[in-house]
2 protein chains.
Amino acid sequence: MSTRRATISDVAREAGVSASTASVVFSGKTPTSEATRARVIAAAASLGYTGPDPRAASLRRGRSGIVGVVFDQHLGTAFLDPVTTHMMDGLADGVSRLGAALLLLRDDGVTVSEPSLHTAPIDAAVLIGCSPRMRDSLEIVRGRGIPVVVVEGDAGEGIPRVLLDNAEAQREAALHVAALGHRDVVIVTLPTDTARRRGWIADDAEVRVDVTADRLAGARAVFPDAPALAAATSSIDEGAIAGRTIFADPDRRPTAVIAQSDLLAAGVIRAAEEAGLRVPHDVSVTGFDGVVVDGLAPHVLTTLVQPATAKGRAAGEAVAAMLEDAEPSGLALSCTFREGTTTAPPPTR
Amino acid sequence: MSTRRATISDVAREAGVSASTASVVFSGKTPTSEATRARVIAAAASLGYTGPDPRAASLRRGRSGIVGVVFDQHLGTAFLDPVTTHMMDGLADGVSRLGAALLLLRDDGVTVSEPSLHTAPIDAAVLIGCSPRMRDSLEIVRGRGIPVVVVEGDAGEGIPRVLLDNAEAQREAALHVAALGHRDVVIVTLPTDTARRRGWIADDAEVRVDVTADRLAGARAVFPDAPALAAATSSIDEGAIAGRTIFADPDRRPTAVIAQSDLLAAGVIRAAEEAGLRVPHDVSVTGFDGVVVDGLAPHVLTTLVQPATAKGRAAGEAVAAMLEDAEPSGLALSCTFREGTTTAPPPTR
DNA sequence: TTGTACGCGTTATCAT
DNA sequence: ATGATAACGCGTACAA
């Protein structure tokens, strides 16, 4: 049939109007008479024209309607964390208000494939995480003059970022535990650095990951001497490994464990039950994130509910604001303490 | 400073060459002398030019380098399933070979936000799942003349789709269970329709979801009379609910449960242990998918390992082929049986 | 190796 | 309400 796809001027010719009129019929930017409108639609249908070519439209408008989301790891890995997936959900929401979709981009530093950060037709970018690599990504994007927002990362000077009140929130949970009467408390932390080493955190060790450091500081504000055990990642199995270490010696068992994520907390609970301890009767456990942990039922975790979806939405809206030359706002978000069934007063000895 | 961004002709003027020469320097399509190359690079640097405008380039080339991934549900929900996230990982891989990135698109039928399937600057599309809605999405994309591949769904006439040997694989697992000596077997299935109703599947009930139907057929090929219990979704908690139903009556307990997903299997195992049964000594359990189930340790599930990442990669490569006017191939994938620690001969009575 | 010329398909502006 | 015109920024034959 046709050797090439119909364009808007083909349609216009067929309908006996000018190209600009046909364009207006599709965009609806200017009122048109019902008659011409119908003629154009009919002409389009007869030619198999399905609407303006997005590439040409975006060149003309100077906007692609696409927001890039930049990860520094495999997508499979990133999406393993429910917090990330919820955040993506919120982000999708936040940018859709702006009429945009999300382009998944991975910055693994060595990739030569296109479109990369250099060449992707994006109107704005959202950077997830805070690895050193991200600094490079940031440079590239800024070099292109593209608005950027950072989530869960320290971007440096003047880059808007979505922040959580990690320290304050964790402190609140710790206060709850203290109020119940606990004194022997152990903290299970998220990874402390990119090496992701497991083990007890020495007093003089520096914690390089912001989230981990902030939550640790919040807990230590209440329990200055509580030992802290780092997990290699945020997962149930890692939590269980930490838990087994903690509950190994029956004589030195804490009465409460403050975990820095719900997944870790779930693992700690599992380890406790393996060790014959009942939660919360024998040991209390708190989490962080407020995600649904599949398989944790019937327990309801005492935790800090992080507004993961809102975090994404905030990033999306910040990006939207920047595209309209407005100052992004609403970037500081708060966690909410939720008391579940995994905390109780310590057992009486 | 500058009221508008520099273009390639600005750079060319600054470097004292023509625009096309400057273009060639950036694209590398034609050899250039080292001298002009250096001049152009320098000029670009001094003007803050960071490369061709992707919008203009894609208009010119007729390609955007973007592949759309269409979901029929919230991203947060879709990404809850590890099979989906792994598939995304593979897909990202598969299309990157082609030099493309992934655009997340959701077709919820009512959305008016742009860019939608109608207006997104995509070179090709991958449809995930098989809900009725997807048919509409398919129409839209085909109408635009865009190559499309369907994953895990029935697309109808002539649409390439990535297929798994669900029935054959499930049959293999069932044979394994039968060979161990089991005769009393119950099947726990994935949802049977979009209503996602829980409960025993009547003999004359029609199963509308391909995956569920195929795996069920595979199991029934070995155990024609095995009762089948449908779960509302693929999760540990749903598996546990099904398990509790199955193990409720001590006198009518099966000696083996064939679950249609690893998450369901994990839940069944949990329910079995709640009921005081040991796995695999008292009851054997098989799964399907071969994903890492967080929190299942120390069990290793006997399951069918689905090549989830390969599935995504296959879809990506199929799309790549179609863009080069080649026939997509390699769309039929096989699962691999993996014997774990959750199956054993039935207890002797 | 470099330059000329043109068109990719659309839409904003302005005049009618 | 409609039309003429002019970019948007680039890539690629083709000629030189």
Side-chain angles (χ1 to χ4, degrees), chain A residues 2-41 43-44 47-65 114-115 118-121 123 144-145, chain B residues 2-40 43-44 47-65 114-115 118-123 144-145:
Chain A
S2 65
T3 168
R4 84 191 213 306
R5 288 198 78 69
T7 74
I8 202 168
S9 42
D10 296 330
V11 173
R13 195 177 320 114
E14 175 86 8
V17 300
S18 78
S20 36
T21 301
S23 171
V24 157
V25 166
F26 283 103
S27 76
K29 297 258 182 184
T30 307
T32 56
S33 80
E34 194 49 50
T36 53
R37 179 189 170 69
R39 283 223 308 292
V40 169
I41 299 289
L47 292 177
Y49 180 79
T50 54
D53 181 332
R55 290 176 285 260
S58 81
L59 170 59
R60 182 59 241 230
R61 289 202 244 252
R63 287 275 172 86
S64 65
E114 312 296 325
H118 298 280
T119 65
D123 296 337
R144 288 179 60 185
Chain B
S2 67
T3 168
R4 85 189 212 305
R5 289 198 78 68
T7 74
I8 202 167
S9 43
D10 296 330
V11 172
R13 197 178 317 116
E14 176 86 7
V17 299
S18 80
S20 51
T21 302
S23 169
V24 158
V25 166
F26 283 103
S27 75
K29 296 261 182 183
T30 307
T32 55
S33 79
E34 193 49 50
T36 52
R37 179 190 170 69
R39 282 224 308 291
V40 170
L47 291 177
Y49 179 80
T50 53
D53 181 329
R55 290 177 285 261
S58 81
L59 170 59
R60 183 59 242 226
R61 287 200 247 252
R63 286 276 171 88
S64 64
E114 312 293 327
H118 297 280
T119 66
I122 54 177
D123 295 337
R144 288 180 62 187

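Proteins get letters first, then strands, A, B, ... in listed order; numbering begins at 1 in each.
- Contact annotation: the side chain of R39(B) never approaches that of V25(B) to less than 4.5 Å [non-hydrogen atoms, C-beta and beyond].
- Base contact: S20(B) has a heavy atom under 4.0 Å from a base atom.
- The side chain of S33(B) lies closest to dT1(C) when the candidates are dT2(D), dA6(D), dT1(C).
- Taking every heavy atom of both residues into account, Y49(B) and A6(B) meet most closely at CD1-O, 3.4 Å.
- Rounded to whole angstrom, the span from the CD1 atom of I8(B) across to the P atom of dC8(D) amounts to 15 Å.
- The side chain of S9(B) places no N or O atom within less than 4.0 Å of a non-bridging phosphate oxygen (OP1 or OP2) of dC10(D).
- Rounded to an integer number of Å, the gap from D53(B) CG to dG9(C) C1' is 15 Å.
- Residues V40(A) and V11(A) have side chains in contact (heavy-atom distance under 4.5 Å, counting atoms from C-beta outward).
- Not one side-chain nitrogen or oxygen of S23(A) sits closer than 4.0 Å to the OP1 or OP2 atom of dA12(C).
- Neither OP1 nor OP2 of dG9(D) sits under 4.0 Å from any side-chain N or O of Y49(B).
- For the pair K29(A) and R37(B), both in contact range of DNA chain C, the more 5′-proximal nearest nucleotide belongs to R37(B).
- Between S18(A) and dG3(D), a side-chain N or O to OP1/OP2 separation shorter than 4.0 Å is present.
- DNA chain C is contacted by both V17(B) and A56(A); V17(B) maps to the nucleotide lying nearer its 5′ end (nearest heavy atom per residue).
- Between the OG atom in S58(A) and the CG atom in D53(B) there is a gap of 8.0 Å [rounded to 0.5 Å].
- No N or O donor and acceptor, one from the side chain of R60(A) and one from the base of dT10(C), sit under 3.5 Å apart.
- Rounded to an integer number of Å, the gap from CZ of R13(B) to P of dC10(D) is 12 Å.
- Nearer to the 5' terminus of DNA chain D, by closest-nucleotide assignment, is the contact made by T36(A) (compared with the other of P54(B) and T36(A)).
- For T21(A), the listed nucleotide lying nearest its side chain is dT2(D); candidates were dC8(D), dT2(C), dT2(D).
- Between L47(A) atom CG and dG9(C) atom C1' the separation is 15 Å, expressed in whole Å.
- If you check dG9(C), dG11(D), dA12(C) against the side chain of R61(A), the one that comes closest is dA12(C).
- Using a 4.0 Å heavy-atom distance criterion, T32(A) is classed as a sugar-phosphate-only contact.
- Contact annotation for F26(A): no contact, since no heavy-atom pair falls under 4.0 Å across all strands.
- Formation of a donor-acceptor pair under 3.5 Å by the R144(B) side chain with backbone atoms of H118(B) is found in this model.
- Of the candidate nucleotides dT10(C), dT2(D), dG9(D), dG9(D) has the atom nearest to the side chain of L59(A).
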